Amino acid sequence: MSAEQSRSEEQIRVTRITGIIEKRIEQLEEQTGDLKSDIVNIRKTYWDDVTVNMEDMEELAESYASMKQQAEVLSERERVHRVAAAQLKALKRLRQTPYFGRIDFVEQGERSAEKIYIGTSSLVDDSGLEFLIYDWRAPVSSLYYDYGPGTAKYETPGGTIEGEMTLKRQFIIRDGHIRSLFDTGVTIGDELLQEVLGKQSDAQMRSIVATIQREQNRIIRNESARLLIVLGAAGSGKTSAALQRVAYLLYRYRETLKADQIVLFSPNPMFNSYVSTVLPELGEENMQQTTFQQYIDHRLGRSFQVEDPFEQMEYTLSAAEEPEYEARMQAIRYKASAAYMRLLDRYAVYLAQEGVLFRDVMFRGEVLVPAERLREQFYGANMAYTLPNRMQALSEWLLKELTRLAKLERRKPWVDDEIELLDKEAYMQAFEQLQKKRQFSENTFDDYAREHDQLAFMVVQEQFKPLRRAAKRFAFIDLPGIYRQLFAERDFARSLAPEEALPPLWSDICALTTQRLDRRELSCEDAGPYLNVMERLEGFQTNSAVRHVFIDEAQDYSAFQFAMLRRLFPRARMTVLGDLNQAIYAHAHGEDSFAELRRLFGEEEKEQFALTRSYRSTREIVEFTRQLVAGGEAIELFNRGGSKPIVVAAADKKALQSAVLERIQRMQAEGHRSIAVICKTAEESREAHEALQASLPIKLIGTGSASFEQGLVVIPSYLAKGVEFDGVVLYDASSARYGRESERKLFYTACTRAMHELHICYMGEPTPFLQGVSPDSYETESAIGV
């Protein structure tokens, strides 16, 4: 059959399927409209249709049955409406693009091939027996992603199905018309990828299930690993594969897994808005989305002013001239390490024997229960019990002690003063309580002693409530003091673990840490360890309802953070995504970020995948950026051509800003909608925004930005991670800005945000990172005035 005949036949089918979809949409719109009217009417007339009679038990039972029946009718209507509305939403998505792939598969033992069309959701014929379109997550659809024509197989709940694929065809269909049609081999054809990836960047990440590659499909459909590590180059589709894995799991386990049982830890709140449209496009509810910092703030924000990772990043990038800088950098690296975790293990052993600090329990400005008595009670308990169990026992003892002390307190003069201030309502409440105890007759209120005792009881109970709440929350422990104790004396930590090497500037680290703690501040590097010490004493919090945890940009997590998430979600499977070449935080330099995570799971529980092909950027941009990092030669190019990156020299700041402005205007003239001016720090971003906003409608993105917006933005390098833009301008890539080796990965990360165009401007001397890049990989220009 000729190509023209194939296209004609396929168009006839597309027209037929589109017609079926249109008819179903009309039917469902009518059905949902009728159901909505029914629901509204039932709610309005609910009590009119319910018989309520409370005269005797028989009438009461009839009333209950009437109410139950009406409630069930309403509940059933609402359920049917939800199902119909979901089907309508799926059909409206299919109307634009019914399907994107076709495979012809001859199952072993059969003579003829089955034509299998694949789209974003399933569609069956009117009989309900024949699939007109298969959902991309269905078992048979994996053939499309994993094989080309020839021998093929796929897994089903009932076992492996083997056979031969005789055809693999891809479509680009828009509004019921085939725009492109081509037959392809093993991988998704370059034509389809180029069509999708050649588009302009959007304000959100989009679902592109038509372009899933074989290696991504293995990640998406993996059901065996409790720990799935995905290491991928910038632009290799890690995040896309993860989100489509969520959609697959919700489809595969739709009877037992709900969206709120899945949690995504993303790099920042803005990133959550960037990926928020993917699952709804695939017909699924969004999972829970948060950041690790939001969890830390939830746990510790009431006790401390907690530094976030971006404040720490600003410090590491801009405070190199400050006298304590080197000590702080050593602290950041050490306090994120497995060595520091081992030190805290030893500290916990020490605290089990001695060293837990307690607070006096105060009441009305006086010591009610001295800290020394709490300490004696704690260390006098059974030493074989765990620290949390002993702490719980102390809490229970303290609650009993507060009950005893409350009785004594009722006789003190202040109680009489408080009773005098009580209102009539309090007296009536006391009278009712005494009547319940049968200590008053029904018609008299003359027993002054009993009345006074009851009022005194009520007054003291109310005043002791905060003490009881504090006892249940373990507020009698001096946690800041316990953590500070590690740093109060330089040699204390060395005495706990003499074989462990401490940082050279340990004395300075101790001074910096105690100073911040005394100001009720907690540095970013101390937040995880502090919470670790807290939970060793009070017990670890757990959430057994969550079944899957996804961690994006996982190379930025410390050993403490991984261990904490493992304990927090003990039943969950973990999918972690990262790129060691984008490990931009100070604690990650020179460390294998995933070593601790691998240790937390057994060998048989974990699998690791590598995505080495970069799809985001043009061939020329990837060729340039992969020369910036060690091992970059392993990054594979996708054959989508474009212009080479341009390195622009400027003599001074005015020329630099003119060059940046000219680059932006040039890209806008070429039709690029999403353009980012990427600066190293937030301070530099504010400077660039101030210089450019007079000439352009440009938005400044900061750590407080809640959503990612399309258009022209100025953004710090560390916030741009994970996001892509049509064009990128690096504001100042001079040696003064990017001169230290520790900033190489930051520079690489900023450059890899560009899809189509990359412009690198600098003032004075260029970054030394360009010295390792072939001059053939980029073009050079001079800014006006140079």
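Note that this is a predicted model, so its numbers are computed, not measured.
Atom OG of Ser614 sits about 7.0 Å away from atom CD1 of Ile635, to the nearest 0.5 Å. Atom CD of Glu489 is separated from atom OG1 of Thr514 by 11.5 Å, given to the nearest 0.5 angstrom. Put simply, CG on Leu770 and CD1 on Ile760 are 6.0 Å apart, with the number rounded to the nearest 0.5 Å. Considering CG of Leu712 and CD1 of Ile664, their distance stands at 5.0 Å, rounded to 0.5 Å. The SG atom of Cys751 sits 5.0 Å away from the CZ atom of Phe624 when rounded to the nearest 0.5 Å. Here CD1 of Ile551 is found 5.0 Å from CE of Met574. Values are rounded to the nearest 0.5 Å.
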Next item on the list: In sequence, state the C-alpha distance, the side-chain angles, and the governing distance for Phe725 and Val723, and then conclude on side chain to side chain contact (heavy atoms under 4.5 Å, CB included).
Entry: CA-CA 7 Å; Phe725 305 90; Val723 185; 4.0 Å; yes

Next item on the list: Decide yes or no on side chain to side chain donor-acceptor pair (under 3.5 Å) for Ser774 and Gln627, but give the supporting numbers first.
Entry: CA-CA 8 Å; Ser774 167; Gln627 296 177 67; 4.9 Å; no

Next item on the list: Run the numbers on Phe271 and Thr291 for side chain to side chain contact (heavy atoms under 4.5 Å, CB included), then give the verdict.
Entry: CA-CA 10 Å; Phe271 187 81; Thr291 67; over 6 Å; no

Next item on the list: Show your reasoning for whether side chain to side chain contact (heavy atoms under 4.5 Å, CB included) applies to Thr239 and Val275.
Entry: CA-CA 9 Å; Thr239 303; Val275 302; 4.2 Å; yes

Next item on the list: Go through the steps for Val306 and Gln293 under the test side chain to side chain contact (heavy atoms under 4.5 Å, CB included), then give the verdict.
Entry: CA-CA 9 Å; Val306 185; Gln293 186 62 30; 3.8 Å; yes

Next item on the list: For Tyr718 and Tyr585, run ring pair (Phe, Tyr, Trp, His ring centres under 6.0 Å): C-alpha distance rounded to whole Å, both residues' side-chain angles, the deciding distance at 0.1 Å, then the answer.
Entry: CA-CA 9 Å; Tyr718 49 84; Tyr585 288 92; 7.5 Å; no

Next item on the list: Please test Phe304 against Tyr530 for ring pair (Phe, Tyr, Trp, His ring centres under 6.0 Å), starting from the C-alpha separation and ending with a verdict.
Entry: CA-CA 11 Å; Phe304 293 98; Tyr530 182 91; 5.0 Å; yes

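Using a 4.0 Å cut-off between charged nitrogen and carboxylate oxygen, Asp518 and Arg484 count as a salt-bridge pair. Between Arg753 and Glu724 no salt bridge is recorded (no basic side-chain N to carboxylate O distance below 4.0 Å). Checked for salt-bridge contact, Arg640 and Glu620 miss the test: no charged N lies under 4.0 Å from a carboxylate O. Comment: Glu623 does not engage Lys644 in a salt bridge, judged by the lack of any side-chain N to carboxylate O separation of less than 4.0 angstrom. Remark: Glu500 engages Arg342 in a salt bridge, criterion side-chain N to carboxylate O under 4.0 Å. A salt bridge is defined here as a Lys NZ or Arg NE, NH1 or NH2 lying under 4.0 Å from an Asp or Glu carboxylate O, and Arg737 with Glu684 meets this definition. Look at Arg663 and Glu757 and you find no salt bridge, because none of the NZ, NE, NH1 or NH2 atoms lies under 4.0 Å from a carboxylate O. A salt bridge links Arg666 to Glu662: one of the charged nitrogens lies within less than 4.0 Å of a carboxylate oxygen. Ion pair Asp526/Lys335 flagged as a salt bridge, since at least one NZ, NE, NH1 or NH2 atom sits closer than 4.0 Å to an Asp/Glu carboxylate oxygen.
A donor and an acceptor atom, one from each side chain of Arg744 and Tyr748, are nowhere located under 3.5 Å apart. Side-chain atoms of Asp552 and Ser266 include no donor-acceptor pair closer than 3.5 Å. Between the side chains of Glu596 and Tyr557, no donor-acceptor pair is found at a separation under 3.5 Å. Side-chain contact of Gln289 with Ser276: a donor-acceptor pair under 3.5 Å is absent, judged by distance alone. Neither side chain, Gln668 nor Arg673, offers a donor N or O lying under 3.5 Å from an acceptor on the other.
In Glu690, the CD atom is not crowded: 12 or fewer heavy atoms of neighbouring residues, nucleotides or ligands sit closer than 6.0 Å. Sparse packing is recorded around CD of Glu683, with 12 or fewer heavy atoms of other residues, nucleotides or ligands lying under 6.0 Å away. Applying the 6.0 Å contact sphere to CD of Gln305 captures no more than 12 heavy atoms from other residues, nucleotides or ligands.
No side-chain heavy atom of Thr703 sits under 4.5 Å from any side-chain heavy atom of Asn268. Between Val714 and Lys699, every side-chain heavy-atom pair lies at or beyond the 4.5 Å cut-off. Residues Leu227 and Ile229 form a side-chain contact, since some pair of their non-hydrogen atoms from C-beta on lies under 4.5 Å apart. Counting only heavy atoms from C-beta outward, the side chains of Ser303 and Arg520 approach each other to under 4.5 Å. By the 4.5 Å heavy-atom criterion applied to side chains, Val773 and Arg626 are not counted as neighbours.
Judged purely by atom type and a 3.5 angstrom limit, Asp491 has no side-chain atom pairing as donor or acceptor with the backbone of Arg494. At least one donor-acceptor pair closer than 3.5 Å links the side chain of Lys238 to the backbone N or O of Ala233. Here the side chain of Gln555 pairs a donor or acceptor atom with the backbone of Gln582 at under 3.5 angstrom. Looking only at distances, a side-chain donor or acceptor of Lys745 sits under 3.5 Å from a matching main-chain atom of Leu580. Remark: side-chain polar atoms of Ser240 are not paired, donor with acceptor, to backbone N or O of Gly237 under 3.5 angstrom. At least one donor-acceptor pair closer than 3.5 Å links the side chain of Glu314 to the backbone N or O of Ala682. At distances below 3.5 Å, not a single donor-acceptor pair connects side-chain atoms of Thr618 with backbone N or O atoms of Gly642. Using modelled atom types, no side-chain atom of Arg567 and backbone atom of Phe540 make a donor-acceptor pair closer than 3.5 Å. A donor-acceptor contact shorter than 3.5 Å links the side chain of Ser617 to the backbone of Ala754. Judged by distance alone, the side chain of Gln330 and the main-chain N or O of Ala327 form no donor-acceptor pair under 3.5 Å.
In this structure, the ring of Tyr350 has its center less than 6.0 angstrom from the ring center of Phe492. Phe550 and Phe265 have their aromatic ring centers separated by at least 6.0 angstrom. Checked against the 6.0 Å centroid criterion, the rings of Tyr738 and Tyr762 do not qualify as a close aromatic pair. Aromatic rings from Tyr340 and Phe560 are positioned such that their centres are separated by under 6.0 Å.
A cation-pi contact, defined as under 6.0 Å to the ring centre and within 45° of the axis, links Arg566 to Phe601.
Pro529 approaches Tyr483 most closely through the heavy-atom pair CB-OH, 3.6 Å.
Ring planes of Tyr615 and Phe638: tilted class, angle from 30 to 60°.
With respect to Gln312, the side-chain hydrogen bond (donor to acceptor under 3.5 Å, both in side chains) criterion is satisfied by exactly one of Glu307, His587, Glu525: Glu525. The residue from Trp506, Tyr347, Tyr334 that alone fulfils the ring-ring contact (aromatic ring centres under 6.0 Å, His included) condition with Phe487 is Trp506.
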